[in-house]
Amino acid sequence: MSKTDTSEKLMEKIVSLCKRRGFIFQSSEIYGGLGACYDYGPLGVELKNNIKTAWWNAMTREHENIAGIDAAIMMHPKTWEASGHVASFSDPLIDDKTSKIRYRADHLIEGYIKQLEKKGKTDEAKRVSEEFVKAQNSEDMTKALYELIMKEQIKSPDSGAFNWTEVRQFNLMFSSKLGAVAGDAGIVYLRPETAQGIFVNFHTVRESARMKIPFGIAQIGKAFRNEIVKGNFIFRMIEFEQMEMQYFLKPGTQMEAFDMWREKRMNWHIERLGIKPENLVWYQHEKLAHYADAAYDIKYKFPFGTEEIEGIHSRTDFDLRRHQEYSGKNMMYSDPETKEKYIPYVVETSSGCDRNFLMVLCDAYTEQIEDGEQHVILKLKPELAPVKAGIFPLTKKDGLPEVAEKLYHDLKRHFKVQYDDAGSIGKRYYRQDETGTPFCFTIDHDTLNDQTVTVRYRDTGAQERLNLSQVKAFLTEKLS
RNA sequence: GCGGAAGUAACUCAGCUGGUAGAGUCACAGCCUUCCAAGCUGUUGGUCGCGGGUUCGAGUCCCGUCUUCCGCUCCA
């Protein structure tokens with residue numbers, strides 16, 4: 001069996017487990033499903049909340065200079081002009097009908113111009129290049145690009161054919177109309193990233209939270225992208241959740257902060273999410289986005305490939321400067337001690353919550369062969385586990401259920417616990433293993449005599465006796 | 001959006017050349033069980049993705065459509 005076969009099987013197993021046990025469901029499945037949209041089920045929402053809490057606590061509670069916000073998904077349309085999303089968050093695409101390969105229309109023309117230059121046809125290149133600029137600035141850019149390709153008879157670099165579809169525009173932002181106003185005036189977008197909600201609130205948060213530079217603003221929230229390519233389960237969705245922090249600092253100090261946040265964020269994944277260090281890798285961007293002066297991604301070795309789960313980017317003062325330009329409002333910071341005034345630089349840590357979720361699942365998924373039977377264990381970090389403990393009476397007789405129920409009721413106010421008396425004890429342990437419950441407490445006949453219960457560990461199957469009265473303290477200790 | 005493959009129970013799948021829907025698992029109820037998926041009995045659950053066509057009759061053949069998976073393209 002090839003490696004890819006195994007990997008595909010592994011993803012299939014995880015997807016299947018997610019459906020069967022209530023982690024993730026396909027959105028609106030009874031109608032045939034909606035592409036790249038998923039619902040979190042009863043266990044999924046618990047796990048996701050635990051991941052979000054782990055992030056929120058690590059960022060805001062453990063850093064006195066980071067404050068949290070929860071900004072609206074819809075923002076003033078000018079926000080997206082300032083951020084550059086209206087202009088550059090869309091791609092004009094064209095298909096070669098012969099080779100079935102898709103190109104970006106603007107890249108195609110750029111390539112053509114370069115070729116002309118190479119061949120020494122400088123005048124020709126200059127002329128096309130001028131027309132290219134004109135086309136890009138024209139009102140109907142899509143049509144203008146198409147006409148230019150037709151006029152110059154630009155051939156497909158791949159097949160050499162001249163057999164194109166029309167140029168189509170794919171804007172990755174979802175738009176809607178605000179109120180009853182028709183026309184462009186009322187257009188609003190669903191945010192394609194959460195960061196802008198932080199930038200526009202720079203001053204309001206700084207003042208109300210009494211922050212001095214350097215300080216950060218953290219946010220967890222949904223963002224939306226009308227992706228052309230979707231897939232890999234919840235890895236690339238059109239509606240997704242980001243966990244993001246923008247750290248504002250004095251220009252010149254950004255590399256120091258950048259290195260600090262790189263280290264902190266990598267450690268968070270290892271220590272707080274319990275990810276195996278060997279499955280995480282750094283990736284340095286060579287081609288930087290228009291706003292960045294340094295960019296690293298943390299990637300995880302998913303079964304389907306090594307893919308990004310978090311970006312740590314040094315965004316310079318691009319965003320605040322642009323908002324100052326477009327809004328006309330002053331985005332400068334006045335240093336209370338040195339009296340210096342400047343637009344702060346920003347280091348951003350931006351992590352995909354759903355990608356973290358998938359990573360946690362993939363990393364925890366373990367198969368063990370026991371007595372020839374395959375046994376699936378989700379070795380989740382106890383803090384992240386959707387259910388912290390299972391409470392079982394060994395049998396349904398002799399007053400055992402009553403004792404178990406009492407323990408369950410005592411614990412449920414403090415921890416997410418489950419009571420189960422169905423089927424054999426082994427089956428109940430297995431059920432909990434498969435959903436990552438780290439501990440099970442079993443009430444047996446000895447409990448009636450000496451007030452002790454069995455605690456059984458998920459990862460090893462090992463058992464210990466514990467006094468009934470110590471169960472709560474045991475869980476508190478193990479989960480802190 | 002293009003090419004390839006596929007859609008039958010909550011999950012994994014079977015259903016031969018068209019003849020009125022099946023298995024295992026799961027779930028639920030009961031019996032039985034003194035610690036790792038035991039066994040027995042019963043129950044719930046499918047207009048076979050959706051729409052049309054051919055036919056006396058379609059899960060099965062034809063057309064359309066939607067969705068998923070794999071490639072291509074793109075990724076702030």
Distance in angstrom units between A:Arg20 CZ and B:rC13 C1', rounded: 14 Å

cation_pi(A:Arg456, A:Phe439) dist<6.0 Å, angle<=45: no

Between B:rG57 and B:rU20 - C1' atom distance, rounded Å: 9 Å

Sugar-phosphate only, base, or nothing, as touched by A:Phe441 at under 4.0 Å among non-hydrogen atoms: nothing

base_contact_polar (B:rC75 base, A:Arg225 side chain, donor-acceptor, <3.5 Å): no

Same-atom distance (P) from B:rA58 to B:rG51, integer angstrom: 14 Å

Residue pair A:Tyr365 / A:Glu367, side-chain donor-acceptor N/O under 3.5 Å: yes

Contact letters for nucleotides 28-35 of chain B, in which S counts primed atoms plus P, OP1 and OP2 and B counts the base, heavy atoms under 4.0 Å: -----BBB

A:Thr452 versus A:Asp446, side-chain donor and acceptor atoms under 3.5 Å: no

Pair A:Gln432-A:Gln418, side-chain donor/acceptor within less than 3.5 Å: yes

Gap in Å between the two P atoms, one belonging to B:rG64 and one to B:rA5, rounded: 14 Å

Cation-pi check, A:Lys48 onto A:Phe357 ring (under 6.0 Å, within 45° of axis): no

Spacing of the C1' atoms in B:rC16 and B:rA21 (rounded, Å): 16 Å

Between B:rG7 (C1') and A:Glu12 (CD): distance, integer Å: 14 Å

Distance-only side-chain donor-acceptor flag, A:Asp293 / A:His313, under 3.5 Å: no

For atom CG of A:Leu43 and atom C1' of B:rC26, their distance in whole Å: 14 Å

Test of ring centre spacing under 6.0 Å for A:Phe302 and A:Phe235: yes

Nearest-Å distance once atom C1' is located in both B:rC50 and B:rG59: 14 Å

P-based separation of B:rG45 from B:rC61 [nearest Å]: 30 Å

Toward the 5' end of RNA chain B, by each residue's nearest nucleotide, A:His313 or A:Ser16: A:Ser16

Between A:His323 and A:Gln196, a side-chain donor and acceptor under 3.5 Å: yes

Nearest-angstrom distance, P atom, B:rG4 to B:rC40: 48 Å

Ring centroid separation A:Tyr40 to A:Phe25 under 6.0 Å: no

Residue-phosphate contact under 4.0 Å: A:Lys13 side-chain N/O, B:rC11 OP1/OP2: no

Same-atom distance (P) from B:rU34 to B:rU43, integer angstrom: 28 Å

RNA chain B: 5'-proximal contact among A:Asp433 and A:Glu193 (nearest heavy atom): A:Asp433

Nucleotide-level pairing of RNA chain B, given in dot-bracket where Watson-Crick and G-U pairs need both distances under 3.5 Å and | marks other strands: (((((((..((((.....[..)))).(((((.......))))).....(((((..]....))))))))))))....

Distance-only polar pair, side chains of A:Arg465 and A:Thr454, donor-acceptor under 3.5 Å: yes

Between B:rC26 (P) and A:Leu17 (CG): distance, integer Å: 14 Å

